[in-house]
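For the single chain, residues carry numbers from 1 onward in sequence order.
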Amino acid sequence: MKIKFQYIILGLGLSLMASSCHDESPSDSGQEKKGTVSLTGVEVSTAEDVDNTQETLPGSKAVVDISQYIVEFYKQGASKPVETYAYIDMPGTVELAEGVYTVSVRSHDLQKAEWEKPYFAGESAEFRVEANKLTEVEPITCTFRSLKVSVVFGEKLLAAMESDVKVTVVANDEGRLEYLPSDGRAGYFATVDGSATLVATFTGTVKGRQENFFKTYTGVKAGQHRIIKYELGADLPTGFISDSGLAIDVTYEDVAIDGTVNPGGEDALPDDDEPGTLPGLGGDDNPDSGDDDDPDAQEAISFTGTIEDGATYYNTDFVDESGSVLKEAEVYITCAKGCADLVVNINSNTLTPDVLESVGLSADFSLVTSTQFFEALGGLGLPCGSDVVGVSTPIKFNITQFMSLLGIYANGTSVFTLTVTDQDGNSKACQFTILTH
């Protein structure tokens, strides 16, 4: 089924109101000259149906309540709005001091993660307010600017799993939601420039066996709907099969943004947009908003070392052609509250399942719970078990020994993702790429 979101067109001031002229000009005593902007022409229309993950009656339309949308006027160069209104409370006209302005519209104050609350936002072109004149404002297109994530549990899995099953989704390092099979809710996540990852971790009992594994998805951006599907024993060509036969597959569809009011104009979601960073966006009143001013929140989990998050390296940066070590390939993980879990995912066209099995590993494993790999991990010099869980001092994750293994192949790409969870439930991912040539 094609899944589409609604986008909303707000036209600000397409029609002007007549204004009485004054014979007297503002005095030269420093009184601020003002002009008038008409708000009576504001119109709201819907161009697309909204199809949520929850069932709707055939032919029914999802209704978006825009009455509480936030409308703010910003003067050029100012960081705070000069006027703020709820859409429903906007007056017919507003007086503003002479100058250049923009109007910002958003559905609500964006949070890092929230249930059933898509985020729409848009901004007008600049317009000039002149003394004793009425001013028109060009239409504003508000587009969907968060990431929607749905989790679907297949019928066979529902019949085989126990009540402790849940899926924890972490998007762009900070937004975090826990999905339960009984929920049926969609989650919405803020997008972050420079971070484009989503990590879904499945935990719980299936067929009497405790499962704990994760999968990392890249290329995450605003305007997507990612649907993560779990099923038991399914024949999924892109699926991951756990020891109990649990298969995982993921699909996603981009939001269709078309039919705008201004065809041929600028894109509804330009590449240079910065979702989640419009002026005045808050979230300080939400304890889960990830307040950037809280140093403890920023440093709950940190990564340092010769390998940096998001970086790409060649294996020859660390070993020469003979396999001699030039420098250590390592990441130090620090959890201020103590580490609860450290999960590793290897997505590689050279470290195939057979190659990893030959060294006693698989593409996905936990340094805390995957006890079947502890002997192999120890042989590779990686910490596991009690050397990880509860540890608040830097944990060294050194993969120098992988570099020689990678060097056997040519033109290979290996993406390593480390997902760390601390004792307080905070989760953060570090991803890096190793190339061979």
Side-chain heavy-atom pair Leu147, Gln224 within 4.5 angstrom cut-off: yes
With a 4.5 Å limit on heavy-atom distance, are the side chains of Leu158 and Pro181 in contact? yes
Lys327, NZ: over 12 other non-hydrogen atoms inside 6.0 angstrom: yes
For Glu231 and Gly154, work out which heavy atoms get closest and say how close. OE2-CA, 3.3 Å
What's the shortest heavy-atom distance between Phe144 and Pro118, and which atoms? CE1-CB, 3.7 Å
Validation row: Gln423, Val389 side chains within 4.5 angstrom (heavy atoms): yes
Is there a donor-acceptor pair under 3.5 Å between the side chain of Arg176 and the backbone N or O of Gly425? yes
Determine whether a donor-acceptor pair (N or O, by modelled atom type, separation under 3.5 Å) exists between the side chain of Gln111 and the backbone of Asp109. yes
State, with a plain yes or no, whether a side-chain heavy atom of Tyr85 is found less than 4.5 Å away from one of Pro91. yes
Which heavy-atom pair separates Lys148 from Ala186 by the least distance, and what is that distance? CE-CB, 3.5 Å
Ser146 side chain to Tyr119 backbone, donor-acceptor under 3.5 Å: yes
Would Gln431 and Thr417 count as a side-chain hydrogen bond (donor to acceptor under 3.5 Å, both in side chains) here? Give the steps. CA-CA 4 Å; Gln431 187 176 83; Thr417 305; 2.8 Å; yes
Is it the case that the side chain of Gln76 and the backbone of Tyr101 share a donor-acceptor pair, with hydrogens and angles ignored and the cut-off at 3.5 Å? no
Rounded to the nearest 0.5 Å, what separates atom CD1 in Ile395 from atom OG1 in Thr334? 8.0 Å
Under the criterion side chain to side chain contact (heavy atoms under 4.5 Å, CB included), I'd like the reasoning laid out for Gln68 against Asp89: C-alpha separation, chi angles, the key distance, then a yes or no. CA-CA 9 Å; Gln68 298 302 314; Asp89 296 327; 5.5 Å; no
Exam field: side chain Thr306 to backbone Glu330, donor-acceptor pair closer than 3.5 Å: yes
Do the side-chain N and O atoms of Glu126 and Thr102 include a donor-acceptor pair separated by under 3.5 angstrom? no
Where does the angle between the aromatic ring planes of Phe416 and Phe432 fall among parallel (under 30°), tilted (30 to 60°) and perpendicular (over 60°)? parallel
Within the 4.5 Å heavy-atom criterion, are Pro394 and Thr304 side-chain neighbours or not? no
Are Leu356 and Ile346 close enough, and set up right, to give a side chain to side chain contact (heavy atoms under 4.5 Å, CB included), and what steps lead you there? CA-CA 10 Å; Leu356 289 168; Ile346 304 172; 4.1 Å; yes
Check for a donor-acceptor pair, side chain of Glu83 on one end and backbone N or O of Phe73 on the other, with a separation under 3.5 Å. no
Would you check if the side chain of Asp422 reaches a backbone N or O of Asp424 as a donor-acceptor pair within less than 3.5 Å? yes
Taking the side chain as every heavy atom from C-beta outward, state whether Val343 and Asp364 have any pair of such atoms under 4.5 Å apart. no
When rounded to the nearest 0.5 angstrom, what distance separates CG in Leu435 from OH in Tyr313? 11.5 Å
Does the side chain of Leu361 reach to within under 4.5 Å of the side chain of Leu380, using non-hydrogen atoms? yes
Run Val220 and Phe189 through side chain to side chain contact (heavy atoms under 4.5 Å, CB included) and show every step you take. CA-CA 10 Å; Val220 173; Phe189 297 82; over 6 Å; no
Using a 6.0 Å cut-off, check whether atom NZ of Lys337 has over 12 heavy atoms from anything other than its own residue. no
Separation between CD1 (Ile301) and OG (Ser427), nearest 0.5 Å, reads 6.0 Å
State, to 0.1 Å, how close Asn426 and Ala300 come at their nearest heavy-atom pair, and which atoms those are. ND2-CB, 3.9 Å
So, applying ring-ring contact (aromatic ring centres under 6.0 Å, His included) with Tyr179, which one of Phe153, Tyr230, Trp115 is it? Trp115
If we count only N and O atoms by modelled type, under 3.5 Å, do the side chains of Asp341 and Thr421 hold a donor and an acceptor together? no
Glu308 atom CD: more than 12 heavy-atom contacts under 6.0 Å: no
Residue pair Cys430, Val420: steps toward the side chain to side chain contact (heavy atoms under 4.5 Å, CB included) verdict: CA-CA 8 Å; Cys430 173; Val420 184; over 6 Å; no
Taking 4.0 angstrom as the limit, do Glu116 and Arg185 come out as a salt bridge? no
Partner of Phe402 under side chain to side chain contact (heavy atoms under 4.5 Å, CB included), chosen from Val319, Ile434, Leu351: Leu351
Can you tell me how far apart OG1 (Thr168) and CG (Leu177) are? Round to the nearest 0.5 Å. 9.5 Å
With no hydrogens and no angle check, just 3.5 Å: does a side-chain donor-acceptor pair link Asp164 and Thr205? yes
Side chain proximity check, Ile333 to Leu418, heavy atoms < 4.5 angstrom: yes
So, taking the atom named CD in Glu321 and the one named CG in Asn315, what distance separates them when rounded to the nearest 0.5 Å? 10.0 Å
If I compare all heavy atoms of Phe127 with all of Val37, which pair ends up nearest, and what's the gap? CE1-CG2, 4.2 Å
Give a yes-or-no answer on whether the side chains of Glu328 and Thr400 include a donor-acceptor pair shorter than 3.5 Å. yes
Over 60° means perpendicular and under 30° means parallel, so classify the ring planes of Phe373 and Phe365, tilted if in between. perpendicular
Nearest non-hydrogen partners of Ser366 and Ser370, listed with the distance: N-OG, 2.8 Å
Return yes if some donor-acceptor pair links the side-chain N/O of Ser107 with the main-chain N/O of Phe120 below 3.5 Å, else return no. yes
NE2 of His108 to OH of Tyr188: how many Å apart, nearest 0.5 Å? 10.0 Å
If you count every heavy atom of other residues, nucleotides or ligands that lies below 6.0 Å from Glu357 atom CD, does the total exceed 12? no
